[in-house]
*Asks:* 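The structure's right below; bear with me while I get my questions together.
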Amino acid sequence: MSGIARSVVAWFAEHARDLPWRRAGFTPWGILVSEIMLQQTPVARVIPRLEQWLARWPSPDALAADSPAEAVRAWDRLGYPRRALRLHAAAVAMSEQHGGQVPRDVDALLALPGIGEYTARAVAAFAFGVRTPVVDVNTRRVLARAVAGQGEAGPARTRADLAAMEALLPSDPADAQRFNAGAMELGQTVCTARNPRCESCPLARLCAWRAAGYPEYDGPSAPRQARFEGSDRQVRGLIMRELRQSDTPVPAEVVESLWPDAVQRERALASLLADGLALGDPRAGYALPD
DNA sequence: GACTCGTGGGC
DNA sequence: TGCCCAAGAGT
């Protein structure tokens, strides 16, 4: 095992947080749901919603038997509600094509809606112990610093990122799983984007960025998020909140009252209809998808 | 590859 | 206070 992998695995054994999806007996379905919820969403906001979700829908079959509308309602304000829709669709696919089981094969997972390169590998590795590189934004930052000697990871380059992780990944599947999880944990809690705690880092003596004297990053930077205030995303969020709260179709006048700019409002509504997050028309009103 | 897609807590 | 961005995916 490489020195970096060995150090991360040893550190993780001591410092892993006690998170629900790390408990013994947590099901592959639970891990899959947690990974979808954790996409672009902080751990602290996911935990309570995850536990409610799994209590209500303890299996893919259970969710598949309910409506997309209920999934979107239960998603509540976790954000990016398309994830709820896709998770429901994934449950239907698992119910119909995988005997109600979460597939353990990376390619089968990739074929499910809402599951991309990160999530497919995370589920395979953490739910089934498959030896495969798992690379999220935290791991990318750890590798950029410790290995490449750069302060930031820059834009994601999936193939190269996976190859970089693969180069360090222990051959033993159990160690590989610990390294995958440990690298993410290290990036979240120690090797953070701002104010990294290098004095507490198990890789300090191996870190190329530290050895080089913490040079300022000069490469291409990751794209910055567009302003939220006044955006279509804000308008979509307002409309979705109204749809979630209502058991009957929301009249067009109510939608109109949510945002003054008609052009932007109609654009947001049209995008929700196109996404399948809303159904309806001006006469019947609008509702979540059945 | 660039862009879009929610929400809310931290600094 | 206002800006940052968080276990990404799809187009």
Side-chain angles (χ1 to χ4, degrees), chain A residues 12 16-17 19-22 30-50 72 75-87 89-90 109-127 133-142 152-162 165 177 180-189 191-196 220-244 264 267-278:
Chain A
F12 188 60
R17 290 171 295 175
L19 299 172
W21 41 90
R22 292 178 181 160
I31 290 175
L32 187 153
V33 175
S34 76
E35 292 295 349
I36 302 281
M37 289 186 170
L38 286 162
Q39 291 168 2
Q40 300 288 285
T41 307
V43 167
R45 284 193 18 230
V46 164
I47 290 175
R49 187 66 54 208
L50 174 67
V72 172
W75 198 258
D76 196 39
R77 290 184 295 182
L78 260 188
Y80 291 148
R82 292 188 295 195
R83 291 184 293 170
L85 214 51
R86 290 174 180 151
L87 177 54
L109 287 160
L110 277 171
L112 296 173
I115 296 189
E117 295 287 358
Y118 164 76
T119 305
R121 289 182 170 75
V123 171
F126 302 142
V134 180
V135 180
D136 77 334
V137 64
N138 297 296
T139 296
R140 294 183 59 249
R141 184 170 52 251
V142 169
E152 299 176 20
R157 291 173 44 245
T158 304
R159 304 321 302 179
D161 296 336
L162 288 171
M165 190 62 175
Q177 181 175 348
N180 277 320
M184 292 168 60
E185 185 89 340
L186 188 63
Q188 281 176 49
T189 62
C191 190
T192 51
R194 292 164 298 186
N195 306 319
S221 53
R224 245 178 46 196
Q225 212 168 83
R227 176 182 187 81
F228 177 73
E229 195 68 26
S231 69
D232 288 6
R233 297 160 75 183
Q234 182 180 18
V235 184
R236 284 169 56 106
L238 291 170
I239 297 172
M240 286 304 295
R241 185 174 65 184
E242 199 68 33
L243 299 190
R244 282 196 306 266
Q264 188 177 27
R267 189 170 62 226
L269 180 57
S271 74
L272 291 173
L273 293 166
D275 285 346
L277 281 167

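Residue numbering restarts at 1 for every chain, and letters A, B, ... go by the order of the sequence lines. These numbers come from a predicted model, not from an experiment.
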*Asks:* Using a heavy-atom cut-off of under 4.0 Å over every strand shown, decide if A:R77 touches base, sugar-phosphate, or nothing.
*Replies:* sugar-phosphate
*Asks:* Check DNA chain C for consecutive Watson-Crick or G-U pairs with both distances under 3.5 Å and list the runs of at least three as stems.
*Replies:*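 Stems found: B:2-5 with C:8-11, B:7-11 with C:2-6.
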*Asks:* Using a 4.0 Å heavy-atom cut-off across all strands, classify A:V43 as base, sugar-phosphate, or nothing.
*Replies:* nothing
*Asks:* What range of DNA chain B does chain A touch, first nucleotide to last, counting atoms under 4.0 Å from its heavy atoms?
*Replies:* B:dC5 to B:dG8
*Asks:* Base, sugar-phosphate or nothing for A:D232? Non-hydrogen atoms, less than 4.0 Å.
*Replies:*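 Sugar-phosphate only.
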*Asks:* For A:S34, answer base if it contacts any base atom (sugar-phosphate contacts may also be present), sugar-phosphate if it contacts only those atoms, and nothing otherwise; contact means non-hydrogen atoms under 4.0 Å.
*Replies:* nothing
*Asks:* Regarding A:P42, tell me which of base, sugar-phosphate or nothing describes its non-hydrogen contacts under 4.0 Å with the strands shown.
*Replies:*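 Since a base atom lies under 4.0 Å of A:P42, the category is base.
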*Asks:* Indicate, with a heavy-atom threshold strictly under 4.0 Å, whether A:G79 touches base, sugar-phosphate, or nothing.
*Replies:* base
*Asks:* Describe the nucleic acid contact of A:I36 in one word from base, sugar-phosphate, nothing, applying a heavy-atom distance below 4.0 Å.
*Replies:*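 Here A:I36 touches no strand at all.
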*Asks:* Please tell me which of A:R233 and A:A156 maps to the more 5' nucleotide of DNA chain B, matching each residue to the nucleotide holding its nearest heavy atom.
*Replies:* A:A156
*Asks:* Contact class for A:Q188 (heavy atom, under 4.0 Å): base, sugar-phosphate, or nothing?
*Replies:*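 Base contact.
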*Asks:* Between A:R244 and A:R157, just flag the one whose closest nucleotide in DNA chain B comes earlier from the 5' side.
*Replies:* A:R157
*Asks:* Say you pick atom C1' in C:dC5 and the same atom in B:dG6; how far apart are they, in whole Å?
*Replies:*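 Nearest-Å result for C:dC5 against B:dG6 at atom C1': 12 Å.
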*Asks:* Would you check if the side chain of A:R244 reaches a backbone N or O of A:V72 as a donor-acceptor pair within less than 3.5 Å?
*Replies:* no
*Asks:* With sugar-phosphate meaning primed atoms plus P, OP1 and OP2, does A:R86 contact a base, only sugar-phosphate, or nothing at under 4.0 Å between heavy atoms?
*Replies:* sugar-phosphate
*Asks:* Show the nearest heavy-atom pair for residues A:M184 and A:N138, with the distance to one decimal.
*Replies:*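 Between these two residues, the closest heavy atoms are O-CB, 3.5 Å.
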*Asks:* Just the endpoints, please: which first and last nucleotides of DNA chain C, 5' to 3', lie under 4.0 Å from a heavy atom of chain A?
*Replies:*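 Both ends considered, the range comes out as C:dC3 to C:dG10.
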*Asks:* Which part of the nucleic acid, if any, lies within contact of A:P155, taking any heavy atom under 4.0 Å across all strands shown: a base, the sugar-phosphate backbone alone, or nothing?
*Replies:*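 Nothing, no nucleic acid heavy atom in range.
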